[in-house]
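Since the structure comes first, as structure tokens, the remarks are kept for the end.
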Amino acid sequence: MVGRSGVPRTSAVRIVSVYPELLGTYGDVGNVRVLERRLSWRGLDAEVLSVSVSDPLPTGGDLYVLGGGEDEAQQRALEGLRRSSLARAVAAGAQVFAVCAGLQLLGRSMAGVDGVVHEGLGLLDLTTSRLRERVIGEVLAATTTDIGLPVLTGFANHGGGTVLGPAAQPLATTTRGRGNDGRTGGPEGAVQGNVLATYLHGPVLARNPTLADWLLERAVGAALTPMPHDVADDLHDARAARG
Ligand code: GLN
């Protein structure tokens, strides 16, 4: 594997699992496991750093992964992230992958469990307010970003509704189920620079292995050896075909 600099990469890929005790709802910590396994199947080393909210985030990660969280856990994660060096790591070129509460936390603002609007990290140009009716259910979304697969599958469960600003692009458009703002046919997820975020659980990288590889390629700065089509790809295709 040849990295961004053209020099073969010898060091392990550093994946930082951000506050898994708070941001791990619906098995989202499984996303980290999928990333690690897909590197190891190719003979590449991964170093997974699971960092608790009581510890500082390392700045030298290649890929920072945030999952979903219940409202109170999300609030605690916000306090930790505010103190953290995540924005500096992103400015230095690290990639970020965030799900649901993770997406909301990286935005400009979000309405907390108390109804009060809290400032987010501002890494994504989006704002989140409370929806009248919680979004729960299966989602299919046609990708609008070049991530190498046409349809994303996952399930959503969130009480916040998100609107993107001009600097953030949607990751996809929902064709079944409801998107960021609770509408079918509306935007799903967000992409801005090194940050990719989605509302989808599953874990979403287990359901969409191509998305996992796309993130890994960006994190290592090089193309990865293609993997043979396996059972995870079959399941993705079967779900996507349900339309
Ligand atoms: N607590 C947030 C909401 O309900 C995020 C939920 C989640 O991560 N599943 O909108």
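Numbers here are sequence positions counted from 1. All ligand and atom numbering here is 1-based and tracks the order in the structure.
- The closest protein non-hydrogen atom to atom 7 (C) of ligand 1 is Cys100 SG, 2.8 Å.
- Contact of the Thr184 side chain with the Arg176 side chain is not registered, since no non-hydrogen atoms from C-beta on lie closer than 4.5 Å.
- Looking at heavy atoms from C-beta onward, Tyr19 lies in side-chain contact with Leu81 at the 4.5 angstrom threshold.
- By the 3.5 Å distance cut-off applied to N or O atoms, Gly69 is counted among the residues near ligand 1.
- Atoms of ligand 1 lying under 4.0 Å from any heavy atom of Tyr26, numbered from 1 in the order shown and given with element: 9 (N).
- Here is the list of ligand 1 atoms found below 4.0 Å of a heavy atom in Arg134: 4 (O).
- With respect to the salt-bridge test (charged N to carboxylate O, under 4.0 angstrom), the residues Glu36 and Arg33 qualify.
- When heavy-atom distances to ligand 1 are checked against a 4.0 Å cut-off, Asn157 comes that close only through its backbone atoms N, CA, C and O.
- Contact atoms of ligand 1 toward Gly159: 3 (C), 4 (O), 10 (O) (distance under 4.0 Å to a heavy atom of the residue).
- Aromatic ring pairs are classed by plane angle as parallel below 30°, tilted from 30° to 60° and perpendicular above 60°; the pair His201 and Tyr26 is perpendicular.
- For Val99, no nitrogen or oxygen atom sits less than 3.5 Å from a nitrogen or oxygen atom of ligand 1, counting backbone and side chain alike.
- Proximity of Arg130 to ligand 1 is not established, as no heavy-atom distance is less than 4.0 Å.
- At a cut-off of 3.5 Å, with distance as the only test, no side-chain donor of Gln104 or Thr162 sits close to an acceptor on the other residue.
- With hydrogens and angles disregarded, no donor-acceptor distance shorter than 3.5 Å links the side chain of Thr174 to the backbone of Ala141.
- Each of the following atoms of ligand 1 lies closer than 4.0 Å to a heavy atom of Gly68: 8 (O).
- Close approach of ligand 1 to Asp71 (heavy-atom distance below 4.0 Å) involves ligand atoms 1 (N), 2 (C), 3 (C), 4 (O).
- Between Leu35 and Val13 there is no side-chain heavy-atom pair separated by less than 4.5 Å.
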Salt bridge (charged side-chain N to carboxylate O under 4.0 Å, His left out) assessment of Arg207 paired with Glu138: CA-CA 12 Å; Arg207 281 197 177 203; Glu138 285 289 320; 3.0 Å; yes

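- Counting only non-hydrogen atoms, the option in Gln74, His201, Met110, His158 that gets closest to atom 2 (C) of ligand 1 is Gln74.
- For atom 10 (O) of ligand 1, the closest heavy atom belonging to the protein is Gly160 N, 2.8 Å.
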